Amino acid sequence: MQKRKIFENVYWLGSVDWDRRLFDSLIPLPDGTTYNAYLVQGSQKTALLDTVDPPMTDELLAQLSDVRAIDFIVSQHAEQDHSGAIPQVLERFPEAKVVVSPKAKGMLMDLLRIPETAFVTVSDGETISLGDKTLKFLHTPWVHWPETMVTYLTEDKMLFSCDFLGSHIASSDLFVTDQGRVYEAAKRYFAEIMMPFRKVIEKNIEKLKEYDVQMIAPSHGQIYDRPAWIMDAYKDWVMGVPHNLVALPFVSMHGSTRQLVDYLASCLVEQGVRVELFNLAAADIGKLAMALVDAATIVVGVPTVLAGPHPLAAYATLLANALRPKTKFLSIVGSYGWGGKTVETLAGMIPNLNVEVLDPVLCKGVPAKNDFESLDKLAGMIAQKHKEHGFR
Ligand code: FEO
């Protein structure tokens, strides 16, 4: 794709990756993604903000073919999908300085073997003048690594946010046109890489409050030319109370655990609690992560296999522990054949979750009358606790 003008002397560069389906060999990307870089040309100097994923380097270099000089390569985040082409851009523009937060400098030296002499570090709030345009750098750790910063283009009231506020959608649109679609993609993105750092992100949101931001240009996805809604969405995901929702990731080998899950889901709905079921044998793990952004309760449906939890349920539990959602309550339902340590093993996998564990319901073989009665009680307890906390 050619470089595209956003407005006078500010351009989108980068690549639309229509094919990518997995990020970090972990995160599903059902809609592909983009790697956005931006060119800001001031009256005296020119800055390139971020680059692209290494396989897309030639595309970026082609977009820079008519650019005579680059004075600054701003690397807002050291992860290679944004920094990966810096060495090749430096080869083309050897006079350029790589502008980074102090933490990013060491990381880029380690990750890309960029020589120390190429860097200029900027402190939080520091500015660089391009002549009639000013770049102000704001340190915003953990969106999504500890070294990340964002850049405010003062005269144009534009925020370059890198991973922060981004979404994984491959599209030929330069600006957000389908807000509903972008909301879902941005939520998935938040859930998968930023949810664990909510406390720090809250501070970053606070920090941005004093800036008049008319446009947000992330490094993944489309540009927000009406950015209020994405800021509001982040406030809800980061600071909002959990919803009256139970996330039910489950796996069933011979149908018994499925019976338990379906019965529990039905009881919960009858009592006014929303549910989302995720059959882990085929689930999109990103959808589960999105549900965890809101769910007040998680109930894991798990059969016992080889004396422990089914590995798919163990994986979902480990993932929930890593994502550190706002969830307040957790329980386990499942079936076993003769014994095992399913509950103890899963309970040991959630040290990061600040949850109250509700009595699990385990049945031997297929569920019997007393097992369904236990599920009635569990559903009643969940509904009551959600009511007590005012979860809606
Ligand atoms: Fe888009 Fe954390 O890299």
Side-chain angles (χ1 to χ4, degrees), residues 12-38 48-57 59-60 73-87 89 98-101 103-112 114 137-151 159-171 176 182 184-198 200-201 204-205 216-224 230 234 237-238 285-286 289-290 319 322-324:
W12 172 92
L13 287 73
S15 186
V16 179
D17 193 341
W18 301 92
D19 299 337
R20 192 152 181 181
R21 287 293 173 269
L22 206 57
F23 200 86
D24 290 347
S25 299
L26 172 69
I27 296 164
L29 303 182
D31 299 313
T33 191
T34 70
Y35 315 104
N36 304 334
Y38 298 97
L48 175 69
L49 281 79
D50 292 319
T51 65
V52 291
D53 207 33
M56 310 303 187
T57 300
E59 194 173 351
L60 178 67
I73 303 167
V74 178
S75 179
Q76 303 185 104
H77 175 25
E79 192 163 15
Q80 292 93 324
D81 52 323
H82 310 294
S83 67
I86 291 176
V89 176
V98 181
V99 179
V100 287
S101 68
K103 269 191 189 148
K105 177 179 164 182
M107 293 170 91
L108 286 174
M109 289 169 67
D110 291 339
L111 292 170
L112 297 172
I114 297 171
F137 305 104
L138 304 172
H139 291 192
T140 49
W142 295 109
V143 290
H144 116 254
W145 283 1
E147 87 300 356
T148 41
M149 63 179 189
V150 299
T151 305
L159 182 74
F160 298 96
S161 62
C162 202
D163 273 352
F164 193 24
L165 308 165
S167 64
H168 287 304
I169 298 182
S171 169
V176 170
V182 175
E184 174 149 344
K187 186 174 185 180
R188 169 190 283 265
Y189 181 81
F190 167 83
E192 289 167 335
I193 69 168
M194 296 197 187
M195 186 155 61
F197 313 115
R198 285 194 313 281
V200 191
I201 294 175
N204 292 335
I205 291 171
I216 294 175
S219 294
H220 295 293
Q222 290 67 56
I223 297 170
Y224 304 93
I230 189 67
Y234 259 71
W237 301 335
V238 170
I285 217 75
M290 284 169 66
L319 184 73
L323 296 180
R324 298 175 187 239

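Both counts, for ligands and for their atoms, begin at 1 and track the order of listing. It should be emphasised that the depicted structure is a prediction, and the values quoted were computed from it without experimental measurement.
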Side chain to side chain contact (heavy atoms under 4.5 Å, CB included) with [X]: which residues, sequence neighbours excluded?
| X | value |
| --- | --- |
| K105 | V100, M109, E116, F119, T121 |
| T34 | V16, N36, Q222 |
| M290 | E184, K187, R188 |

**Q.** Y189 and D163 side chains, donor-acceptor separation under 3.5 Å
**A.** yes
(Q) Could you enumerate the protein N, O or S atoms under 2.8 Å from atom 1 (Fe) of ligand 1, written like residue then atom name? (A) D81 OD2, H82 NE2, D163 OD1, H220 NE2
Q. Does a side-chain heavy-atom distance below 4.5 Å link Q76 with H82?
A. no
Q) Do D31 side-chain atoms and H168 backbone N/O form a donor-acceptor pair below 3.5 Å? A) no
